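Worksheet: one structure, shown below.
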Amino acid sequence: MESTAGDIRSRQDYDIVIVGAGPAGSTFARLLPSGVRALLLDGRGGRGKPCGGLLAPDAQKALARFDLTLPREILVDPQIFAVRTIDLGCGLERYYQRCYLNLDREKFDAWLRSLVPDSVETRRGRVCAARREGGGFVVEYREADGALRQAAARYLVGADGAGSFVRRTFFPAHRVREYVAIQQWFPEQHANPFYSCVFDRETTDCCSWSISKDNRFVFGGAFAPHGCRESFERQKQKLAAQFGFRFGEPLFTEACRVLRPSSPASFCCGEDGVFLLGEAAGFISPSSLEGISWAIRSAVALSRAFHAGRAHLHGVYASQTRGLRARLLGKRLKCPLMYQPSLRRLVLRSGISSIDLIVP
């Protein structure tokens, strides 16, 4: 793809260009072998992606392997120990214990970026073109001041999420089941803050969520692209009428793509010098849409490939991610219990593993 906008100010050479500075890109950049010349492109613009901002046990475990200490300022109030699970179709609800950490997602990502060593050059810039050239790659990106720059590298790493520019450019035929995640923030109006997980087959075959954060109430969900906003608003109306959710006027609305792997063909790790990490590769849980742990694990896997030497990088990365792909496909086994209405209702009615609230 060629860029036509503006004059290119400069071009620099690197061993690796990493597109995307979320958990996958930042972790990979931090774990690179010494001596590797790398550029980390942080393409943030405006608000962050819709994310509940709950650090699941799998993500906590992925971080624990680095012996990292989470800064206190990343956490937000309240910390809640049960998830309110709601089936709108039959009006059932249950509470289940969950050990999530409630955090500020933007601050969490910024903390991960702060761990990247100074040996990795980090720039704020959105990629607008990328092509193969001379046995490597040339990436054009536009910085916040409008300057258009070029970076040349032997390897290109796409850690740029569900709508990955890198994947779309170099693997345009690769398709994964795609949803639109919509999330709104409201002033908190509930007397007792809570987390929730919502199922409603009428509006989506995926799930929705709510979280209370520092006197704000966050509600979001994943919906089929066609008619997604109408489905989102209809689900809000049903939750308000049937379960007393209080929304009011939103402070702001955010949306992005989200992937949901369903088969081995859902994953694309890259080839011929292009590597994909995290959700760009299809690494996200098909049952819960949790992606942070898989982003970190895939970054570790690719860093191991580069530490092993630059021969057979793709083969080593494929081998290192074989277990990740198997575990993600294994999570498909949970999906019928969560998303098939009759089975889900059977589980909810049974009360297995649920907790009963003791209200004074």
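All figures in this text were calculated on a predicted structure; none of them were measured in a lab. Side chains are part of it too, since the values below use all heavy atoms of this structure and drop only hydrogens, waters and symmetry mates.
Side chain of Arg304 to main chain of Val316: no donor-acceptor pair is present (N/O by atom type, distance under 3.5 Å, no hydrogens or angles). Judged by distance alone, the side chain of Arg98 and the main-chain N or O of Ile80 form no donor-acceptor pair under 3.5 Å. Between the side chain of Lys238 and the main chain of Thr203, no donor-acceptor pair closer than 3.5 Å is present. Checking side-chain atoms of Asp15 against main-chain N and O of Val36 turns up no donor-acceptor pair under 3.5 Å. Not a single donor-acceptor pair under 3.5 Å links the side chain of Ser288 to the backbone N or O of Ser285.
Hydrophobic clustering places Leu70 together with Ile292 (ILVMFWY residues linked when any side-chain heavy atoms are closer than 4.5 Å, directly or through intermediates). Note: the hydrophobic cluster containing Leu115 does not contain Leu32 (ILVMFWY, side chain heavy atoms under 4.5 Å, direct or indirect links). In the hydrophobic clustering of ILVMFWY residues, with side-chain heavy atoms under 4.5 Å counting as a link, Leu41 and Leu31 come out apart. The hydrophobic cluster containing Val127 also contains Tyr14, counting ILVMFWY residues as joined when their side-chain heavy atoms lie under 4.5 angstrom apart, directly or transitively. In the hydrophobic clustering of ILVMFWY residues, with side-chain heavy atoms under 4.5 Å counting as a link, Tyr95 and Val83 come out apart.
In this structure, CG in Leu148 is found 4.5 Å from CZ in Arg142, a value given to the nearest 0.5 Å. Here the straight-line distance linking atom CD1 of Ile352 with atom CZ of Arg94 works out to 10.0 Å at 0.5 Å rounding. Rounded to the nearest 0.5 Å, atoms CH2 (Trp111) and CG (Leu68) are 4.5 Å apart. Separation of atoms CD1 (Ile284) and CG (Leu259) is listed at 6.5 Å; rounding is to 0.5 Å. One distance of note links CG of Leu337 with OG of Ser287; it measures 10.5 Å at 0.5 Å rounding. Residue Leu39 holds its CG atom at 8.0 Å from CD of Gln12, rounded to the nearest 0.5 Å.
Enclosure of atom CD in Glu249 is not indicated, since only 12 or fewer non-hydrogen atoms of other residues, nucleotides or ligands lie within 6.0 angstrom. The local environment of CG in Asp214 is crowded, with over 12 non-hydrogen atoms from other residues, nucleotides or ligands closer than 6.0 Å.
Among the candidates Thr122, Thr27, Asp42, the single residue satisfying the side-chain contact (heavy atoms from CB on, under 4.5 Å) test with Arg113 is Asp42. Just one of Ile18, Val19, Val157 meets the side-chain contact (heavy atoms from CB on, under 4.5 Å) condition when paired with Leu40; it is Ile18. With Tyr155 as the fixed residue, the ring pair (Phe, Tyr, Trp, His ring centres under 6.0 Å) test singles out one of Phe306, Phe137, Tyr317: Phe306.
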Carefully, step by step, assess Arg154 and Arg310 under the rule side chain to side chain contact (heavy atoms under 4.5 Å, CB included). CA-CA 11 Å; Arg154 175 67 185 86; Arg310 300 192 190 182; 5.5 Å; no
Derivation and outcome, side-chain hydrogen bond (donor to acceptor under 3.5 Å, both in side chains), residues Ser210 and Ser196: CA-CA 5 Å; Ser210 75; Ser196 74; 2.5 Å; yes
Go through the steps for Phe170 and Leu156 under the test side chain to side chain contact (heavy atoms under 4.5 Å, CB included), then give the verdict. CA-CA 10 Å; Phe170 293 96; Leu156 179 60; 3.4 Å; yes
Pair Glu279-Trp294, side-chain hydrogen bond (donor to acceptor under 3.5 Å, both in side chains): steps then yes or no: CA-CA 8 Å; Glu279 196 174 358; Trp294 307 101; over 6 Å; no
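In this structure, Cys206 and Tyr179 approach most closely via the heavy-atom pair CB-CE2, 3.9 Å. Closest approach of Trp209 to Phe219, counting heavy atoms only: O-CD1, 3.2 Å. Here the closest non-hydrogen pair linking Ile182 and Phe232 is O-CE1, 3.7 Å. For His190 against Arg246, the heavy-atom pair with the smallest separation is NE2-N, 2.9 Å. When all heavy atoms are compared, the tightest approach of Arg132 to Val274 is NH2-CG2, 3.9 Å. A pairwise comparison of heavy atoms in Pro78 and Ser212 identifies CD-O, 3.3 Å as the closest pair.
Taking the side chain as every heavy atom from C-beta outward, Cys335 and Met338 never approach each other to under 4.5 Å. Between Ser34 and Ser119, the closest side-chain pair of non-hydrogen atoms is not below 4.5 Å. Contact of the Leu88 side chain with the Glu202 side chain is not registered, since no non-hydrogen atoms from C-beta on lie closer than 4.5 Å.
Phe243 does not carry Arg84 over the face of its six-membered ring by the limits of under 6.0 Å from the centre and within 45° of the normal. Note that Arg234 lies outside the cation-pi zone of Phe223, set by a 6.0 Å cut-off to the ring centre and a 45° limit from the axis.
Under a 4.0 Å N-O distance rule, the pair Arg44/Glu106 does not qualify as a salt bridge. A salt bridge links Glu233 and Arg229; the closest N-O separation between the charged side-chain nitrogens and carboxylate oxygens is under 4.0 Å. For Arg149 and Glu143, the salt-bridge test passes: some basic side-chain N is under 4.0 Å from an acidic carboxylate O. The residues Arg37 and Glu121 are annotated as not salt-bridged, no charged nitrogen and carboxylate oxygen being separated by less than 4.0 angstrom.
The closest side-chain donor-acceptor pair between Thr204 and Gln235, if any, does not fall under 3.5 angstrom.
Remark: aromatic rings of Phe194 and Phe217 are close, center separation under 6.0 Å.
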